[in-house]
Structures are given as structure tokens and as C-alpha cells.
Amino acid sequence: MYSPEEILEKTIHTGEHKIEKTFLQKAILGFIGGAMISLGYLLYVRIVASGMETLGHFASVVGAAAFPIGLIVILLAGGELITGNMMAVAASFFAKKISLVDLLKNWAIVTLFNVIGAIFVAYFFGHFVGLTSSGHYLEETLEVAHAKLAASPAQAFVSGIGCNWFVGLSLWLCYGAKDAAGKILGTWFPVMTFVAIGFQHSVANAFIIPAAIFEGGATWFDFLKNFVFVYAGNIVGGAVFVSLFYFLVYGKKD
């Protein structure tokens with residue numbers, strides 16, 4: 001592992017590199033990021049729905065252990081995920097390497113194409129192919145979506161903080177690892193933890209709630225209300241609880 005000071009420098013450099021990408025690159029990688037996180041969530045739904053009768057509530061732990069494959073693919077193969085950008089790009093902003101306009105443009109583009117990628121998976125793989133539209137899989141999809149929507153705005157916001165605190169830490173550990181195995185393990189356990197706890201991730205919700213919408217179990221207004229507050233919490237969790245806190249501790253002092 002690199003030292004915390006070295007990890008911070010790598011994070012700042014990574015944030016700068018994200019800003020330098022063209023619009024097309026951000027759009028394609030954002031679509032991939034949204035799709036990969038959604039496929040990880042689809043895997044979670046399939047595992048929990050098929051394993052509940054034999055594993056009981058432990059099935060959700062097994063599903064949580066499988067979910068991180070999405071972020072691992074993004075970090076090792078390529079992809080842009082807004083929750084990760086909230087941490088990495090914010091670090092570059094705090095270090096005064098990029099402007100506020102650069103940060104906001106990056107977040108807007110990546111968010112848009114993350115949501116497009118998530119809804120694409122929800123409709124084509126979930127609804128059209130039928131992986132979330134029948135039997136126990138439909139029941140699990142609706143149950144998870146309704147649990148997300150049942151949270152009050154304040155609960156959704158705070159849950160979003162908890163989620164991206166862990167996602168930000170997973171990136172921090174990934175950037176700190178010196179080989180692929182270390183990056184996988186560093187990513188795996190924090191992400192598994194937030195899923196097992198039940199914290200809310202804005203892009204994952206952009207899959208599971210539309211999946212319920214396509215089956216008549218929710219509305220787009222329900223999704224929008226949830227997304228706004230979870231997204232705001234994700235910003236605080238990644239940009240403040242990870243980037244800002246570690247920048248204040250490990251950043252170079254003038």
C-alpha cells in the first residue's frame with residue numbers, strides 16, 4: 001500500500017485526468033459506469049430472490065458480496081461513476097487543480113449518462129429480457145424499490161452519506177493498492193458493507209426504482225424525489241467525509 005499522503009496525491013491526479021476527458025469519452029464511460037453498477041445490482045436481486053428459501057436473510061449478505069463486481073469492473077476495466085467522481089474530482093478541487101465549473105460540468109455529464117446506463121439495464125435486461133419481471137425476482141425488485149422509496153427525504157439524504165463514505169473509501173483503498181489483487185480487495189469490502197447495511201446509492205437506485213416502474217410498482221416522480229436527496233447525500237459522503245477530511249489531514253501544507 002502507498003502511504004495516505006501518496007494516496008491523496010494519486011487521487012488528486014486521478015481527478016485531474018477525469019476532467020481532461022472529452023465529452024464523448026465521459027459520455028461513453030458514464031454509460032458503462034451506470035450499466036455496470038446496475039448489472040451488479042441485478043446480480044444482487046437474482047441471488048437474494050433465488051436464495052431466500054434456502055439461505056433466509058443471509059441471502060442478502062451473499063447478494064451484497066456479489067454486488068461489488070460492478071465497481072471492480074469500472075475501476076479496473078474503465079468507466080466513470082458519479083459517486084466515485086464525487087470523491088476524486090472533489091480532491092482535485094480542494095487542491096486547487098481544477099475549477100468549480102470543471103467539477104460541476106464533470107458531475108453533470110457523468111450523472112446524466114450513469115442514469116441513462118442504469119435505466120437501459122433496468123428496461124432491456126430487467127423488463128424486456130424478463131430478469132426482474134416475474135416470480136420471486138419481481139417480488140424482490142418491488143420490495144427493494146419500495147424500501148428505498150419509503151425513506152423520508154432526511155433519511156434518504158443521510159443514507160446517501162453513509163453509502164458514499166464507503167464508496168469513497170473503496171476508491172481510496174483501490175488507488176492505494178499496488179497490484180490488481182489489492183485493488184480488488186480494497187474495492188470489495190467497503191462496497192459490500194454499504195450494500196449489506198442498506199445505504200442508498202443514487203445510481204443503483206436509478207436501476208432498481210425504474211425496474212419497479214417498468215413493472216407498474218412505482219412512478220417517475222417517486223424516483224425523482226428519492227434521487228435528489230440520495231444524490232445530495234452521496235455528494236456529502238464522498239466529497240466531504242472522504243476527500244475533504246483526508247485533504248485536511250494529509251494535504252501538503254503551504
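These numbers were taken from a predicted model, which means no experiment stands behind them. Computation of the quantities below employed the complete heavy-atom set of this structure, encompassing side-chain atoms and omitting hydrogens, waters and symmetry-equivalent molecules.
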- Item | Closest approach of F194 to C163 (non-hydrogen atoms, all atoms of both residues) | CE1-SG, 3.6 Å
- Sub-4.5 Å side-chain heavy-atom contact between F67 and M192: no
- Give a yes or no on whether V236 and L244 share a hydrophobic cluster (residues Ile, Leu, Val, Met, Phe, Trp, Tyr; joining criterion: side-chain heavy atoms under 4.5 Å apart). yes
- Query: Would you say the side chain of P4 lies within less than 4.5 Å of the side chain of Y246, judging by non-hydrogen atoms?
  - Reply: no
- Item | side-chain contact (heavy atoms from CB on, under 4.5 Å) assessment of L171 paired with T11 | CA-CA 9 Å; L171 266 71; T11 303; over 6 Å; no
- Message: Could you go through F229 and Q155, starting from their C-alpha distance and side-chain angles, then the distance that decides it, and tell me whether this counts as side-chain contact (heavy atoms from CB on, under 4.5 Å)?
- Response: CA-CA 9 Å; F229 291 102; Q155 289 173 326; over 6 Å; no
- Going through the distances and angles, do F207 and V203 end up as a side-chain contact (heavy atoms from CB on, under 4.5 Å)? CA-CA 7 Å; F207 160 74; V203 180; over 6 Å; no
- Note on the structure: When rounded to the nearest 0.5 Å, the distance separating OG of S92 from CZ of F247 is 10.0 Å
- Message: If I compare all heavy atoms of A151 with all of A156, which pair ends up nearest, and what's the gap?
- Response: CB-N, 4.1 Å
- Query: What distance separates I209 CD1 from K225 NZ, expressed to the nearest 0.5 Å?
  - Reply: 11.0 Å
- Query: Is there a side-chain contact between I208 and V45, using heavy atoms and a 4.5 Å cut-off?
  - Reply: yes
- For atom NE2 of H146, decide whether the heavy atoms of other residues, nucleotides or ligands shown that lie under 6.0 angstrom number more than 12. yes
- Item | Whether S159 side chain and Q200 backbone form a donor-acceptor pair below 3.5 Å | yes
- Considering all heavy atoms, the nearest A49-H136 contact: CB-O, 3.5 Å
- Side-chain heavy atoms of E215 within contact of T141, under 4.5 Å: no
- Is the shortest heavy-atom distance from the side chain of E9 to the side chain of Y250 under 4.5 Å? no
- Message: Do L39 and I37 land in one hydrophobic cluster if side-chain heavy atoms of ILVMFWY residues count as linked below 4.5 Å?
- Response: yes
- Distance, nearest 0.5 Å, that separates CG of N226 from OH of Y231: 14.0 Å
- If you measure from CG on L76 to SG on C174, what distance do you get to the nearest 0.5 Å? 6.0 Å
Name every donor-acceptor pair, under 3.5 Å, that has one atom in a side chain of residues 118-126 and the other anywhere in the protein, sequence neighbours excluded.
none

- Task: Determine the minimum heavy-atom distance between P210 and F223, stating which atoms define it.
- Result: CD-CD1, 4.1 Å
- May I ask you to test the T83-S202 pair for a side-chain heavy-atom distance under 4.5 Å? yes
- Query: How close do A212 and L142 get, heavy atom to heavy atom, and via which atoms?
  - Reply: CB-CD2, 3.8 Å
- Message: Tell me whether F214 shares a hydrophobic cluster with Y137, the cluster being built from Ile, Leu, Val, Met, Phe, Trp, Tyr side chains joined at under 4.5 Å.
- Response: no
- Item | F93 CZ to L104 CG distance, which is reported to the nearest 0.5 Å | 8.0 Å
- Item | Cluster check W220, V230: I/L/V/M/F/W/Y, side chain < 4.5 angstrom | no
- Message: Can you classify the ring geometry of W165 versus F241 as parallel (below 30°), tilted (30 to 60°) or perpendicular (above 60°)?
- Response: perpendicular
- Task: Using the rule that two of Ile, Leu, Val, Met, Phe, Trp, Tyr join whenever any of their side-chain heavy atoms come within less than 4.5 Å, decide whether F23 and L103 are in one cluster.
- Result: yes
- Message: Quick check: do V115 and F227 have side-chain heavy atoms less than 4.5 Å from each other?
- Response: yes
- When you look at CZ of F128, are more than 12 heavy atoms from neighbouring residues, nucleotides or ligands closer to it than 6.0 Å? no
- Query: Would you say V191 and F166 make side-chain contact, with heavy atoms under 4.5 Å?
  - Reply: no
Let me check something: any side-chain donor-acceptor pairs from residues 24-36 under 3.5 Å, sequence neighbours excluded? List them with distances.
from : atom 1 : to  : atom 2 : distance (Å)
Q25  : OE1    : T22 : N      : 2.8
Q25  : OE1    : T22 : OG1    : 3.4
K26  : NZ     : I19 : O      : 3.4

- Task: Report the distance from atom OG1 of T111 to atom CG of L81, rounding to the nearest 0.5 Å.
- Result: 9.0 Å
- The salt bridge (charged side-chain N to carboxylate O under 4.0 Å, His left out) partners of K21 (sequence neighbours excluded) come to E80
- Step-by-step side-chain hydrogen bond (donor to acceptor under 3.5 Å, both in side chains) determination, D222 to T219: CA-CA 5 Å; D222 292 333; T219 69; 3.0 Å; yes
- Got a donor-acceptor contact below 3.5 angstrom from the S243 side chain to the V240 backbone? no
- Heavy atoms of W107 and A90 approach each other most closely as CZ2-CB, 4.4 Å
- Start with the C-alpha gap between F189 and S170, add the side-chain angles, then the distance that decides, and say whether side-chain contact (heavy atoms from CB on, under 4.5 Å) holds. CA-CA 8 Å; F189 290 102; S170 74; over 6 Å; no
